[in-house]
Chemist: 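Have a look at the structure that comes next, please.
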Amino acid sequence: MASTKEYRLLCLENPLLDIQAVGNDALLEKYGLKANDAILADPNSNHLDLYEDLLNNYDAKLIAGGAAQNTARGAQYMLPPNSVVYLGGAGDDKYAAILRDACKQAGLRVEYRVDPSIPTGRCGVVITGHNRSMCTDLGAANHYDLEHLKRSDIWALVENAEAYYVGGYHFTVCPPAIMELAKQAAANNKPFILSLSAPFIPQFFKDPLDASAPYWDYVIGNETEAEAYADSHGLGIKDVKEIAKALANLPKANPQRKRVAVITQGTEPTVVAVQGENEVKEYPVHVISKDEINDTNGAGDAFAGGFCAGIVEGRPLQDCVDMGQWLASLSIRELGPSYPFPKHTY
Ligand code: 26A
């Protein structure tokens with residue numbers, strides 16, 4: 001029988017408000033951005049001017065973002081009411097109010113560590129064609145801490161949850177909180193799901209990432225993140241299937257679960273490797289026509305959301321991948337990392 005427990009999935013990362021607009025090459029060049037990338041804003045550059053520029057000159061939209069918050073909203077979209085809770089740091093301002101409102105509408109419970117003295121984090125998203133360039137000023141999200149996670153009411157949610165999802169972007173913020181969840185998962189044989197999030201995480205946050213690796217029951221990434229992992233770890237392999245296999249077979253803390261590595265590749269098939277298995281499987285994506293594509297920002301987060309929903313429900317791996325692909329195909333039809341309402345059913 002399916003569990004009737006509430007808040008079975010607990011997610012952690014950085015709540016951000018996306019300031020998203022269609023831009024052009026000149027705009028990318030002005031701020032030194034690549035067409036398809038995710039970076040932290042450099043306060044010593046002009047990055048912090050990007051947000052006003054997008055709002056004033058490019059008709060930017062304010063959309064609830066933060067990669068794992070998008071994933072959490074996505075998982076909740078596919079699960080019964082009150083299934084998902086999300087943790088992260090936010091301010092006490094207009095942007096936080098927009099985030100809370102979007103999450104409330106999605107039925108996602110959020111428990112922010114509120115810092116009223118620091119603005120809520122923002123992410124400038126510049127869309128050019130099918131590319132998106134993201135530049136994040138973490139703000140209050142950067143102040144998430146172990147103290148919040150260990151607060152008795154929050155820790156009760158941790159103990160109650162049956163699965164944890166951590167966005168790799170949180171390695172820039174609070175690795176100790178990630179490790180705490182990771183160890184809690186292993187000690188209680190609960191699945192710990194980690195997203196690589198962006199190439200700069202395996203490149204520049206290699207040490208905290210590697211410290212968490214033994215605890216990954218599921219590791220999710222896209223092809224560029226997989227390649228960045230292989231490069232930064234000197235694996236000497238470029239083939240996505242081989243990288244997935246290497247990830248799946250890293251040393252593991254909890255031997256009761258075989259690690260699964262899941263690599264998405266845009267419209268190309270999703271690659272899945274299981275620890276100890278020779279065969280790497282490929283699952284074709286759900287095809288949608290070109291003119292149905294609104295924007296692909298958040299497609300990876302949506303995939304992770306559907307995948308996590310499947311894990312929480314104890315579905316077979318193949319179904320979890322299918323649920324991820326289904327939710328990604330819905331999100332691509334929306335503006336930004338959003339899901340259609342009224343709800344579609346899987
Ligand atoms: C620490 N960084 C850079 C980030 C992010 C981030 N979420 C958390 N931390 N940079 C971009 N994002 C989010 O990624 C989503 C699309 O996948 C954006 O907010 C956007 O909603």
Chemist: Mark yes or no: Lys343 above the aromatic ring of Tyr77, with NZ or CZ under 6.0 Å from the six-membered ring centre and no more than 45 degrees from the axis.
Modeler: yes
Chemist: Output all residues satisfying salt bridge (Lys or Arg N to Asp or Glu O under 4.0 Å) with Asp217, sequence neighbours left out; order by chain, then residue number.
Modeler: Lys252
Chemist: Tyr7 ring centre to Arg109 NZ or CZ under 6.0 Å, with the angle to the axis within 45°?
Modeler: yes
Chemist: Could you tell me whether the side chain of Asp295 reaches within less than 4.5 Å of the side chain of Gln20, counting heavy atoms only?
Modeler: yes
Chemist: For a quick test of reading the model, state the closest non-hydrogen atom pair linking Glu6 to Asn82 and the distance between them.
Modeler: OE2-ND2, 3.1 Å
Chemist: How close do Gly305 and Leu327 get, heavy atom to heavy atom, and via which atoms?
Modeler: C-CD2, 4.1 Å
Chemist: Among residues at least two apart in sequence or on other chains, which ones pass ring-ring contact (aromatic ring centres under 6.0 Å, His included) with Tyr229?
Modeler: His233
Chemist: Minimum heavy-atom separation for Met78 to Ala309, with atom names?
Modeler: CB-CB, 3.9 Å
Chemist: Under 4.0 Å between a side-chain nitrogen and a carboxylate oxygen: does that hold for Lys30 and Asp53?
Modeler: yes
Chemist: Strictly distance-based, threshold 3.5 Å: is any side-chain N or O of Asn188 a donor or acceptor partner for the main-chain N or O of Lys190?
Modeler: no
Chemist: Which heavy atom of Met134 sits nearest a heavy atom of Asn297, and at what distance?
Modeler: SD-OD1, 3.7 Å
Chemist: For Ala75 and Leu9, work out which heavy atoms get closest and say how close.
Modeler: CB-CD2, 3.6 Å
Chemist: Pro337 and Gly298: which non-hydrogen atoms are nearest, and at how many Å?
Modeler: CB-CA, 3.9 Å
Chemist: Side chains of Asp137 and Leu50: does their closest heavy-atom pair fall under 4.5 Å?
Modeler: no
Chemist: What I want to find out is whether Glu292 reaches Arg333 closely enough, with some N-O distance under 4.0 Å, to be called a salt bridge.
Modeler: yes
Chemist: Is there side-chain contact between Tyr86 and Pro15, with at least one heavy-atom pair below 4.5 Å?
Modeler: yes
Chemist: Any donor and acceptor pair, going by atom type alone, linking the side chain of Thr264 with main-chain N or O of Gly266 inside 3.5 Å?
Modeler: no
Chemist: Quick check: does any side chain N or O of Ser133 sit under 3.5 Å from a backbone N or O of Val126, one acting as donor and the other as acceptor?
Modeler: no
